[in-house]
Structures are given as structure tokens and as C-alpha cells.
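The block underneath contains the structure these notes are about, expressed in C-alpha cells.
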Amino acid sequence: MSAGSERRAAAAPGAVPAPRASRVELRLSCRHLLDRDPLTKSDPSVLLLLRSQNQWVQVDRTEVVRSSLHPVFSKVFTLDYYFEEVQKLRFEVYDTRGPSDLGYQEDDFLGGMECTLGQIVAQKKVTRALLLRFGRNAGKSTITVTAEDISGNNGYVELSFRARKLDDKDLFSKSDPFLELYRVNDDGSEQLVYRTEVVKDNLSPVWEPFKVSLSNLCSCEETRPLKCLVWDHDSRGKHDFIGEFSTTFAEMQKAFGEDQAQWDCVNAKYRQKKHNYKNSGVVILADLKVAIDFTASNGDPRNSCSLHYINPFQPNEYLQALVAVGEICQDYDSDKRFSALGFGARIPPKYEVSHDFAINFNPEDDECEGIQGVVEAYRNCLPRVQLYGPTNVAPVISKVARMAAAEESTGEASQYYILLVLTDGVVTDMSDTREAIVRASHLPMSIIIVGVGNADFTDMQTLDGDEGILRSPRGEPALRDIVQFVPFRELKSASPAALAKCVLAEVPRQVVEYFSYRELPPRGLGTHTHDAGPERAGQPGVRPVSVSSTLGVP
């Protein structure tokens with residue numbers, strides 16, 4: 001559990017939901033630390049504490065960097081950041097006397113620094129002087145904390161490296177190799193991603209697997225350059241350079257998939273001096289695993305408790321509602337192609353939140369072949385997005401309304417649009433949604449909202465005009481009642497036919513009201529005939545252009 005989430009886990013039932021947090025990673029480095037060791041240099045590590053209920057609580061601790069007064073730590077602190085809260089942090093640097101997993105009471109205090117998480121996030125990089133007890137400066141010692149927002153993508157990668165026939169740098173024993181992985185930033189600077197453990201006396205080491213976020217590894221850009229450096233560890237901190245190689249995450253994946261994931265570990269000085277020099281050993285990517293961390297209220301689609309769980313034997317509630325309603329609507333669609341949109345998710349490649357994205361990831365053609373095509377697009381979409389939120393429905397209503405407006409501008413409106421919205425949460429942009437519905441009530445379209453799951457959908461009834469005329473925030477009344485809201489749980493045990501009947505019951509009346517208002521004769525009875533209409537004579541074309549599944553809501 002990350003810092004900040006534990007104190008919210010025990011919120012009382014009925015309490016106001018906690019605001020959504022951003023996820024940030026903090027990286028640390030120090031300069032000019034005090035030297036507390038008489039024979040070698042200090043062995044620093046940093047302790048992170050969080051102010052909670054008027055006391056400092058230990059959150060996490062970095063690894064120990066042996067014999068270094070200018071350490072760069074590979075350990076990354078991951079925290080929940082709440083914009084509206086003052087989250088006080090304290091960083092304490094110690095010269096570690098024993099194993100890093102032991103308490104720090106016996107360690108020598110090298111200095112501390114206090115600030116808020118908001119200050120670090122706002123500035124992205126904070127450098128402060130380290131202070132000893134009673135506010136005295138710890139010489140010229142400083143600590144630098146760098147923040148990176150990883151809310152855009154909760155993907156992680158697990159890597160495992162080994163090496164073969166590394167150069168021997170020791171006279172009386174073999175090298176003690178460790179590996180450092182760096183990412184190259186846009187300005188050419190290098191950011192330490194991870195430092196492996198030291199494998200003693202071994203020229204063909206196998207390092208322990210490690211897990212890093214994709215943001216940390218490559219800023220979610222698979223072609224960003226990466227550098228791997230291999231060193232022979234020296235207890236005095238003067239490590240001997242063995243060699244290095246460059247790659248990218250995309251190259252790693254491709255090479256690993258082709259069973260060719262190995263690189264020459266090259267020492268440039270040796271290459272210049274030695275005519276027959278080939279390498280200083282070979283580094284091999286032994287394993288690579290990628291996983292997406294789904295964190296929104298819908299839950300991990302791989303978990304059976306999730307509303308999006310894909311059960312091979314029983315369709316989830318989203319699919320049940322989609323198929324039941326879609327199979328009825330498709331009878332009135334001549335080409336059987338459906339626009340399928342998603343909202344409330346972070347989508348690749350930049351993992352920014354979108355409220356009207358094509359779930360087939362083709363913005364130029366968001367249509368799917370039949371209801372089964374929508375189902376397949378939905379299944380394929382889930383592993384590629386990060387479920388997020390909030391439940392903003394207005395953007396997708398407005399998008400379909402623009403299609404309907406274009407149809408109406410022809411003066412014939414031979415196509416009538418039905419928007420099916422599947423959501424597990426109460427609409428969070430209620431004001432904008434009411435405004436969008438009122439505008440859409442003048443257009444050839446209807447909106448069906450199916451509430452999936454066990455959320456409190458009381459406020460959703462206000463969008464359904466059955467209990468009175470819906471008005472925009474400015475007081476403008478809807479021209480027609482175009483919204484039908486149905487909580488799926490009330491019809492969960494009913495047959496698909498019963499569900500479809502309940503959901504679609506008001507659509508024929510809504511279609512007739514629109515064409516009456518526009519004084520357009522029913523198709524087949526007037527002078528206009530078109531090839532794109534339904535097979536049933538005397539009715540306008542009913543086009544269920546957008547089946548919208550919530551891919552993550554709060």
C-alpha cells in the first residue's frame with residue numbers, strides 16, 4: 001500500500017469519497033555528504049518519513065550506497081499525491097552501520113530536510129541543504145529530490161539480466177560485477193533507472209530480477225535510448241568500469257521475442273587500444289515481462305470481481321447489456337456497422353484521459369462490423385488502456401449530436417441516431433450533460449443509459465424526463481424527452497428480450513415525436529426514398545451509431 005492510501009482505507013461508510021490521487025515517483029541523490037568513517041567514506045541511505053496525526057511515520061528507505069559522499073540512489077519512492085492536502089515529508093540521511101533492513105537508531109545521522117510533496121511536484125526538482133540537529137548546516141551537504149508523475153500509465157516491466165565472460169579486473173580473485181541501467185532524457189542527461197546487487201567473485205553473474213515502471217524506464221516511449229553499464233565493485237567506492245551497451249525498450253522486446261536478447265559489453269578505451277578487441281563480455285536479457293496495473297473502480301479486468309472481467313463462460317454485465325440492446329437496434333441499421341466509443345480511460349500512446357475515444361483505436365473509422373465486432377473491439381481494448389475516470393458523459397453525447405446535426409442539415413434526416421451509454425458510475429459532469437441533452441433534444445437522436453453494477457444511480461433519474469421536463473443549467477427546457485435510464489441490476493435476471501424491451505420501449509415514440517416536430521413524413525409514405533433505410537417500410541432509418549462502454553470510472 002502506498003503512502004497516503006492507508007489512512008483513507010478506513011473511511012467510514014457513507015463518508016464523502018476521497019479525491020482521486022496522482023501517482024508520483026521520487027528519485028534521490030546527495031552531494032558533499034559528511035564523512036563519518038575514519039578509514040573509508042560514509043555508506044549513506046535515505047529514510048523517508050510522512051507527517052501523520054502530528055507525528056513522523058516511516059514510509060520507506062533507499063538502498064545503501066557503499067563508500068560514497070555523492071550517492072545517486074536507484075530506489076524510487078512511489079507516493080499518492082493529493083493536490084488539496086498538505087503532505088509533509090522528511091528525508092533523513094544516515095551513514096549505515098549494518099544491513100540496510102535494520103533499524104537506523106545505531107546509524108550516524110548525516111542530515112535531514114523537510115518539505116511538502118506539493119513543493120516537489122510543483123518544482124519537479126528540489127535541491128535543499130541538509131541540516132543537523134538544532135538547525136545546523138551539515139557542511140555543504142545537499143539532497144536533490146526529483147518528481148515524476150506516473151498517473152498517465154501504470155504499466156510495469158520486470159527485467160532479468162545475466163552476463164557471460166566479463167573481464168576480470170581483480171588480481172587475486174574474479175570481478176564482483178553489478179549493472180546499472182540508465183535512460184537518456186531529451187536534454188541528453190542520463191537518469192539512473194536501476195542498480196543491481198553485486199555478485200561476488202563471478203565473471204558470469206546472474207542478477208536478481210527487478211521491476212520498474214514504464215515511466216521510470218523510458219518515459220513510456222519505447223524508442224527512448226537506454227544505456228547499461230557494468231562495473232566491478234570496489235569497497236572503497238572506486239568501481240572499475242567493465243563495459244557498456246545501448247538499446248531501447250522496443251529493441252529489448254523484439255530481441256527477447258526472437259530469442260536474441262544479448263549485447264556486447266564494450267569498453268571504448270580497450271576498443272581503441274586493442275586491435276583484435278571484440279568485447280569485455282556479453283550481457284543477456286534473461287527475462288522480460290510487461291504488466292498493466294488497472295486501478296479504477298471497475299477493477300482489474302483480470303479479477304473476477306471486476307465489472308469488466310472477461311469470463312469465458314458468462315458475459316459480464318457490460319456485454320450482456322450491449323448484446324441485448326444492440327441486437328435489437330441492428331435490425332434497423334442497413335450496413336450493420338456501429339461506432340463504438342469509450343470514455344473515462346487513459347489511452348495509448350500518451351496515456352492521456354479521453355472521454356470520446358474509438359475503442360478500436362482508429363479515430364478515422366470508429367465503426368465495428370456488427371455487434372460482435374463491438375464485442376471483440378471491447379475485449380481487445382481493455383488490456384491496452386488504463387481504467388481511470390471521471391464519468392464525463394457530455395463529450396460523447398456532443399460527439400454523436402454533431403453526427404445527428406450533420407444528418408439534419410440535409411433537410412431530410414433519413415437517419416435517426418441512438419446512443420447507448422453503459423456506465424458503472426453516476427455522471428460527474430451533470431451540468432454539462434444536461435446542457436448537451438437539451439441541445440440534442442432538437443436533433444434526430446435518442447440516448448439510452450444503462451447503469452451497470454451496484455452504484456447509487458438516484459441522480460441519474462433526473463436525466464430521464466419521465467418525472468418532469470429536463471432543463472439545462474440555464475433553465476432552457478428540452479424539446480423532447482430523449483433519455484431512457486435503466487439500472488441493469490433490476491433486470492439482471494430477466495431474459496435478454498425483456499431487457500431490450502424495457503430499454504427500447506420509449507424509442508419509437510421519441511422517433512415519431514422528432515419527425516412530427518420537423519414535419520417530415522415517415523419514409524415510404526412521402527416523396528423521399530433512399531437506399532440506406534431499414535428493411536421495414538414506412539419508418540425512418542434508426543442508426544445505433546455509438547455504443548459507449550465506460551472503460552474506467554471513479
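All heavy atoms count here, side chains included; hydrogens, waters and symmetry mates do not.
When the salt bridge (charged side-chain N to carboxylate O under 4.0 Å, His left out) test is applied to D60, the partners found at least two apart in sequence or on another chain are K75. Every ring-ring contact (aromatic ring centres under 6.0 Å, His included) that Y194 has, sequence neighbours left out, goes to F210. Applying the ring-ring contact (aromatic ring centres under 6.0 Å, His included) criterion to F77, with sequence neighbours excluded, gives no partner residue.
Minimum interatomic distance between D168 and S173 (heavy atoms only, all atoms of both residues): OD1-O, 3.2 Å. Minimum interatomic distance between I242 and L166 (heavy atoms only, all atoms of both residues): CG2-CD2, 4.4 Å. The two residues F361 and C381 make their nearest non-hydrogen contact at CZ-SG, 3.8 Å. Here the closest heavy-atom approach between residue T40 and residue S67 is recorded as CB-OG, 4.3 Å. Scanning all heavy atoms of the two residues, the minimum distance from D149 to V24 falls at CA-CG1, 4.2 Å. Pairing each heavy atom of S175 with each of K169, the nearest pair is OG-N, 2.8 Å.
Without hydrogens or angle criteria, E376 side chain to G373 main chain gives no donor-acceptor distance under 3.5 Å. When atom types are taken as modelled, the side chain of N279 and the backbone of G281 share a donor-acceptor pair closer than 3.5 angstrom. Not a single donor-acceptor pair under 3.5 Å links the side chain of E244 to the backbone N or O of V230. Formation of a donor-acceptor pair under 3.5 Å by the N362 side chain with backbone atoms of E364 is found in this model. Panel note: side chain E92, backbone M113; no donor-acceptor pair is recorded below 3.5 Å. Checking side-chain atoms of R51 against main-chain N and O of N54 turns up a donor-acceptor pair under 3.5 Å. Looking at S141, its side chain does come within 3.5 Å of a backbone N or O of A138 through a donor-acceptor pair. Checking side-chain atoms of D429 against main-chain N and O of V393 turns up a donor-acceptor pair under 3.5 Å. H70 places a side-chain N or O within donor-acceptor distance of the main-chain N or O of H32, the cut-off being under 3.5 Å. Using a distance-only test at 3.5 Å, with no hydrogens or angles considered, a donor-acceptor pair links the side chain of S42 to the main chain of L34.
T196 OG1 to L159 CG: the interatomic distance, rounded to the nearest 0.5 Å, is 12.0 Å. Here L33 contributes atom CG and K140 contributes atom NZ; the two are 14.0 Å apart, rounded to the nearest 0.5 Å. From L28, atom CG reaches atom CD1 of I143 across 4.5 Å, with rounding to the nearest 0.5 Å. We find the CG-NZ distance between L49 and K88 to be 14.0 Å, quoted to the nearest 0.5 Å.
Applying the salt bridge (Lys or Arg N to Asp or Glu O under 4.0 Å) rule to pairs touching residues 230-240 yields D234-R236, sequence neighbours excluded. The salt bridge (Lys or Arg N to Asp or Glu O under 4.0 Å) analysis of residues 209-220, with sequence neighbours excluded, yields no pairs.
Counted by atom type alone, E63 and S74 present one or more donor-acceptor pairs between their side chains at under 3.5 Å. A donor-acceptor contact closer than 3.5 angstrom links the side chains of S213 and E25. In the model, T96 has a side-chain atom that pairs as donor or acceptor with a side-chain atom of S45 under 3.5 Å. Side-chain atoms of R164 and S204 include no donor-acceptor pair closer than 3.5 Å.
Here K227 pairs with E190 in a salt bridge; the nearest charged N to carboxylate O distance falls below 4.0 Å. A salt bridge links R66 with D43: at least one charged nitrogen is closer than 4.0 Å to a carboxylate oxygen.
Note: F109 and Y94 meet the aromatic proximity criterion, with ring centroids under 6.0 Å apart.
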Kindly indicate, with the supporting measurements, whether the criterion side chain to side chain donor-acceptor pair (under 3.5 Å) is fulfilled by S160 and D287. CA-CA 5 Å; S160 178; D287 197 12; over 6 Å; no

Using a 3.5 Å cut-off and no angle test, enumerate the donor-acceptor pairs between side-chain atoms of residues 176-184 and protein atoms at least two apart in sequence or in another chain.
from: D176; atom 1: OD1; to: D201; atom 2: N; distance (Å): 2.6
from: E180; atom 1: OE1; to: Y182; atom 2: OH; distance (Å): 3.0
from: E180; atom 1: OE1; to: W231; atom 2: NE1; distance (Å): 3.1
from: E180; atom 1: OE2; to: R195; atom 2: NE; distance (Å): 2.8
from: E180; atom 1: OE2; to: R195; atom 2: NH2; distance (Å): 3.4
from: R183; atom 1: NE; to: N185; atom 2: OD1; distance (Å): 2.9
from: R183; atom 1: NH1; to: E148; atom 2: OE1; distance (Å): 3.3
from: R183; atom 1: NH1; to: S215; atom 2: O; distance (Å): 3.1
from: R183; atom 1: NH1; to: N216; atom 2: O; distance (Å): 2.9
from: R183; atom 1: NH2; to: E148; atom 2: OE1; distance (Å): 3.4

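A cation-pi arrangement is not found for R23 relative to Y81, the charged atom failing to lie both closer than 6.0 Å to the ring centre and inside a 45° cone about the ring normal. Because its NZ or CZ atom is not both nearer than 6.0 Å to the ring centre of F249 and within 45° of the ring axis, R224 does not count as a cation-pi partner of that residue. For the pair K273 and Y270, the NZ or CZ position fails the cation-pi test of under 6.0 Å to the six-membered ring centre and within 45 degrees of the ring normal.
Shown here is R162, whose CZ atom has no more than 12 heavy atoms of other residues, nucleotides or ligands within 6.0 Å. For D365, the CG atom is densely surrounded, since the number of other residues' heavy atoms within 6.0 Å is greater than 12.
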